[in-house]
Amino acid sequence: MSAAEVNGKLVAASHVKVLTHTADPALVVKAALTLATTSHLELSSHRDIAIQAPVQAGGASVTMRYGQGSVAAGNTATIEVSAPVQLNSSSSYLTNLGSDASASVGHTIIMDVWDLQNMNNDLSGTYVLGADIDASITAGWHGGKGFVPIQYIDLNNDIPFVGTFDGLGHTISALTIDH
């Protein structure tokens, strides 16, 4: 299916599902996609998904089902993102590994430095960047020490971040950490 065909179907309130056949090892997005605000794009692959062109999701929903050729346990399928997936705070982003649907994961979308800092409130959460973040404001935080590293620190021990974080092709720039 061409990008023009997919884009033409991504109108308000639509649900567009693009899937590979069992003989195709991967689903590759090679041309830009733009979703209408209330649309839902579902990419479903027997094996891997590769995003090689921008996906402008805005407030739409994106679901990536990968490794659908086998159950989640032992499944080594991946999602590779080399072009940005642009989300916003009203978007939804879900991934599902395996045909058994037991590994569906909803992701918290990080849109700014405050969302990023709030990751300290859930160190086992699943996060994605929805956009590039200019973190230059953090230089003035905490008396010049900047951003507090993502971990919980008490008097007796450090509790590390054990969740997942996917940049979805985005960057964080000018982040100050001096703790």
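Heads up: numbering here begins at 1 and tracks the sequence.
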Straight-line distance of [X] [atom1] to [Y] [atom2], nearest 0.5 Å:
X	Y	atom1	atom2	value
Ser44	Ile49	OG	CD1	7.0 Å
Lys9	His15	NZ	NE2	13.0 Å
Glu42	Thr63	CD	OG1	5.5 Å
Asp132	Asp134	CG	CG	9.5 Å
Ile110	Asn118	CD1	CG	8.0 Å
Ser70	Asp100	OG	CG	8.5 Å

With a 4.5 Å limit on heavy-atom distance, are the side chains of [X] and [Y] in contact?
X	Y	value
Val71	Asn75	no
Tyr93	His107	yes
His40	Ser14	no
Leu123	Ile159	yes
Asn120	Gln117	yes
Ile137	Val113	yes
Thr108	Thr126	no
Leu33	Leu41	yes

Spell out, yes or no, whether [X] and [Y] are grouped together once hydrophobic residues are joined by side-chain heavy atoms under 4.5 Å, including indirect joins.
X	Y	value
Ile177	Ile133	yes
Phe161	Leu116	yes
Val11	Leu43	no
Ile150	Ile172	yes
Met111	Leu35	yes

Next on the checklist: Test side chain to side chain contact (heavy atoms under 4.5 Å, CB included) on His46 and Gln68; report intermediate values, then the result.
Outcome noted: CA-CA 5 Å; His46 188 74; Gln68 299 298 290; 5.6 Å; no
If you compare all heavy atoms of [X] against all heavy atoms of [Y], which two are closest, and at what distance to 0.1 Å?
X	Y	answer
Leu87	Ala57	CD2-CB, 3.6 Å
Phe165	Leu129	CZ-CG, 3.6 Å
Ser91	Gly59	OG-CA, 3.6 Å
Ser45	Thr20	CA-OG1, 3.4 Å
Ala53	Ala31	CB-C, 3.3 Å
Ala32	Ala3	O-CB, 4.0 Å

Checklist entry - Under the side chain to side chain contact (heavy atoms under 4.5 Å, CB included) criterion, do Val18 and Val6 qualify, and how do the steps go? => result CA-CA 8 Å; Val18 179; Val6 173; 4.0 Å; yes
Checklist entry - With a 3.5 Å cut-off and no angle check, do the side chains of Asp166 and Thr164 form a donor-acceptor pair? => result no
Checklist entry - Do we see a donor-acceptor contact under 3.5 Å between the side chains of Thr76 and Arg47? => result yes
Checklist entry - Under 30°, 30 to 60°, or over 60°: which ring-plane class applies to Phe147 and Trp141, parallel, tilted or perpendicular? => result parallel
Checklist entry - Taking it one step at a time, do Val148 and His142 satisfy side chain to side chain contact (heavy atoms under 4.5 Å, CB included)? => result CA-CA 8 Å; Val148 176; His142 303 101; 3.5 Å; yes
Item to check | Full working for side chain to side chain contact (heavy atoms under 4.5 Å, CB included) between Val55 and Ile51 | outcome: CA-CA 8 Å; Val55 176; Ile51 306 297; 4.0 Å; yes
Checklist entry - Should we say atom CD of Glu80 is surrounded by more than 12 heavy atoms from elsewhere, each under 6.0 Å from it? => result no
Look at the side chain of [X] and the backbone N and O of [Y], then say whether any donor-acceptor pair between them is shorter than 3.5 Å.
X	Y	result
His170	Val85	yes
Asp48	Ala26	no
Thr95	Met64	no

